[in-house]
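To find a chain, count down the sequence lines: A is the first, B the second, and so on, and within it residues start at 1. These figures come from a predicted structure and were not determined experimentally.
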Amino acid sequence: MSNSFDDIPFFDEEPEPAPRKQPGNAAPPAPVAGSGGAPNTGLGIAARAMAARDQNRPQMDYLSGLNPEQREAVETLDGPVLVLAGAGTGKTRVLTTRIAHILATNRAYPSQILAVTFTNKAAREMKERIGVLVGGAVEGMPWLGTFHSIGVKLLRRHAEIVGLRSDFTILDTDDVVRLIKQLIQAEGLDDKRWPAKQFAGMIDGWKNKALLPADIPEGDARAFANGKGRELYAAYQARLRTLNACDFGDLLLHPIAIFRKTPDLLKEYHQRFRYILVDEYQDTNTAQYMWLRLLAQRPKDVPQNVCCVGDDDQSIYGWRGAEVDNILRFEKDFPGAKVIKLERNYRSTEHILGAAGHLIAHNEGRLGKTLFTDRVDPDDEKVQVHAAWDSEEEARAVGEEIERLQRGDADGKKHALNDMAILVRASFQMREFEDRFVTLGLNYRVIGGPRFYERLEIRDAMAYFRLVCQPADDLAFERIVNTPKRGLGDTTIRYLHDSARARDVPMLQAAAEMVETDELKPKARKALFDVVQSFRNWQTRLESVPHTELAEQILEESGYTDMWKNDKSAEAPGRLDNLKELIRSMEAFESMRGFLEHVSLVMDAEQNENLDAVSIMTLHSAKGLEFDTVFLPGWEEGLFPHQRALDEGGRSGLEEERRLAYVGITRAKRRCHIWFVSNRRIHGLWQSTMPSRFLDELPAGHVDVAAAPDSSYGGYGGRGGYGQSRFDKAEPFANNYSTPGWKRAQANKSDATRDNWGSRSGHAVERIGYGESGPRGRTIDGELVAKSTTDTPSKFKVGDRVFHIKFGNGNVSGIEGNKLTIEFDRAGQKRVLDGFVEKAS
DNA sequence: ATGGACCTATTTTTT
DNA sequence: ATAGGTCCAT
């Protein structure tokens, strides 16, 4: 992790001059060997790379392992290049080798390479890998990072051009929502009718499209807050400016504004960034695209050495404003661009590639790549599809399979947990696996789960630190002024807030002034005085006391740690641990400021890499990773593809879901296990589910349908659920089954819509039978609609004796539409949909 | 001003 | 189901 933001060198302080010579055969600039006094200048890398090259090996041995396409992508350094790199084709390798090549051939200094990644993880990894290639660490690449982190860097340098000071704060989502809530209330609007969170999302969406308040569509503006959407957005921006703050979107938009306002500056950056590389280009949104184009499209006399790497089949951030079109437009934006396809896969077995390739072929509008591999091994396992009764059984079965692999039962080899991952569609699915693994005592690690820096106590502590470093941070002030409780209630704070706004000064300053007057009651005045005094103290210590010590002092003296020590709740000790962990993690940074910056951009905390553990994560956060064995649970209609993606995104939403499935499968190197369940509990209610249409789209030749576990199904006859019966067939994916799941889903959906929730009003609902599936209700739009045809033509009555497949026998004690409240003999009171019980015999 | 009871929305994915 | 927020009573 980099703390390179601690120092913000300005142009005239740059250690090395820009070489003026054209790249190519011109003599390279003479690299100055890293002198002892400045071990961290970027020059060391080039020098080390040279040294590596000049060793007794054949020159540039880093190129030797590349296939011809990869090599072309690495060596085509002049002019625009688009690399279409399929999953597992060595994309990261190409990028890192390309950078190493640029350095080793002395075409640019490390500080003259702009390398943009999509996630912090990717940036970190790239730094490491370049380090391996050229030897040593990569401190010398100041412009390798995410769009956002590079945006911050630019903005810190030129903040005044957009009306900010260089010490602006970066607000996270939580801050933004609180701020917007204040604005909504200030407008006299009902903040329940117009949720701040929703508006924050809208602003985010606009900013992703690079739309300022003046630019947003009229419809969008009217849709929120009684037509005040535009005003509210403008008010928000104004407020950010007075707070000297930015949100995430601003980190992209402000640099764009800066470049547009000051063409000379842009020109300087054109000269500076001799090589531009962009990873995951398919995930760039409009704002990022504009940002990039400003930097990469140059006047005729400046070379356009831009290289974008991406895979349209792995574009999975459309919901967040990513435009796959950017990748398709590349050749138009950069005429003469060379397009290189990487299709040779080094990761997966032919079965995994076959399954993934067949699935993704159902998408239209692809650039069309087909992955291939030379690897042929008859022992390679096909992709396995498994059915389970419910998510609990799913978790149990996955756990068993993991233990089997761990013990080596399966193939005589013991597999490390680190080589296995469970990739879920939605994070709520993780819980069941965690529960199960805790029971089994199986190590697991959740990646991208609830984040360390989003925890309450961490955010509180951070607010203290922020306010010390940045006294104008009103959001931080409001967060902690009465935490721990100091008797400063709503009334006092609102009064303070209003008078600060009226005089246009930060709240902390307003407070300092107010305690000199008699405006407040003595009690509040004393409390506020103490707060003001404390912050004055801490601020003076900022320069003199080491930042980790100061952090501890702040938490002690403010009474914050005491607050948790006195808290008797179960979480309190954990929170204190987290605070300690927070202080510990500050040690890696030079200053409190540097630490705060890091946290606002990198919300992840470090994971323990040494532990052998199964990874659990969402499909989204799995992109770019690979595992020997991958488990993909929850392949059910409504969950995957997700209902919401279907509702909101229509066809393109479905295609994005399919790409997500593709990403999931292609994470696997050797083994891929897909699961679906017949019943899932959603919002506390049991619902039956249908297998995902994506299962129908897998090729029979590369897929094995595992036998349904006998345990849960035994004795229930035809009630085994839709999926089971379908997959009992010898050839589940054959063409005579060409009524794919989704067609039925569509048909069922429209039928359900037509019958207008008739089941609730009590009259009989026509059953849409689907063959072998049995007399079971179905899930449509998150509701169970239809009911059994034959033996129970009417609703249950209170007092009925009923049987439930999971909970056993019980008595109906309440009815509410199609939801029954049942007192089960063993399981206690549960609320269940009526399609799940039958009259006890 | 604090604490408890009740009500509600939540559950896609993230820089 | 559960957590988080709101409202009301003390």
Here the distance between atom P of B/dT2 and atom CG of A/N566, to the nearest Å, is 15 Å
Of A/L488 and A/F118, the one whose nearest nucleotide on DNA chain B sits closer to the 5' end is A/L488
Which of B/dT15, B/dA1, B/dT14 is nearest the side chain of A/W319? It is B/dT14
inquiry  = Heavy atoms only, 4.0 Å cut-off, all strands: where does A/H642 land among base, sugar-phosphate and nothing?
reply    = sugar-phosphate
Note to self: Looking at A/K197, I'd like to know whether one of its side-chain N or O atoms comes within less than 4.0 Å of OP1 or OP2 on C/dG4.
What the structure shows: no
Rounded to whole Å, the NE2-P distance (A/H598 to B/dT15) equals 13 Å
Checking B/dT15, B/dA1, B/dT14 against the side chain of A/F248 (C-beta onward), the nearest is B/dT15
To the nearest angstrom, the CH2-P distance between A/W686 and C/dA1 comes to 11 Å
Regarding the side chain of A/R431, the nearest nucleotide among B/dT15, B/dT11, C/dT2 is C/dT2
A/L660 atom CG is separated from B/dT14 atom C1', nearest whole Å, by 13 Å
Closest to the side chain of A/K181, out of B/dT15, C/dT6, B/dA1, is C/dT6
Sorted by position of nearest nucleotide on DNA chain B, 5' first, the leading residue of A/K485 and A/I682 is A/K485
For A/E434 and A/R431: C-alpha separation, side-chain torsions, deciding distance, then whether salt bridge (charged side-chain N to carboxylate O under 4.0 Å, His left out) applies. CA-CA 5 Å; A/E434 293 192 59; A/R431 191 168 160 181; over 6 Å; no
### Query
With centres under 5.5 Å and planes under 30°, do A/Y317 and B/dT14 count as stacked?
no
Could you check whether the rings of A/Y233 and A/Y236 sit parallel, tilted or perpendicular, using 30° and 60° as the cut-offs?
-> tilted
From the candidates B/dT15, B/dA1, B/dT13, the one with an atom nearest any side-chain atom of A/T618 is B/dT13
Atom NZ of A/K121 and atom P of B/dT15 are separated, to the nearest Å, by 9 Å
Exercise for the section: For residues A/Y317 and A/W319, establish whether the separation of their ring centroids is below 6.0 Å. Expected result: yes
note: A/D647, atom CG; B/dT11, atom C1'; distance rounded to Å ~ 14 Å
Between A/D204 and A/K207, does any side-chain N to carboxylate O distance fall below 4.0 Å? no
Testing B/dT13, B/dT2, B/dT11 for proximity to the side chain of A/F428, the answer is B/dT11
A/F694 and A/W635 aromatic ring geometry - parallel, tilted or perpendicular at 30°/60° bounds: perpendicular
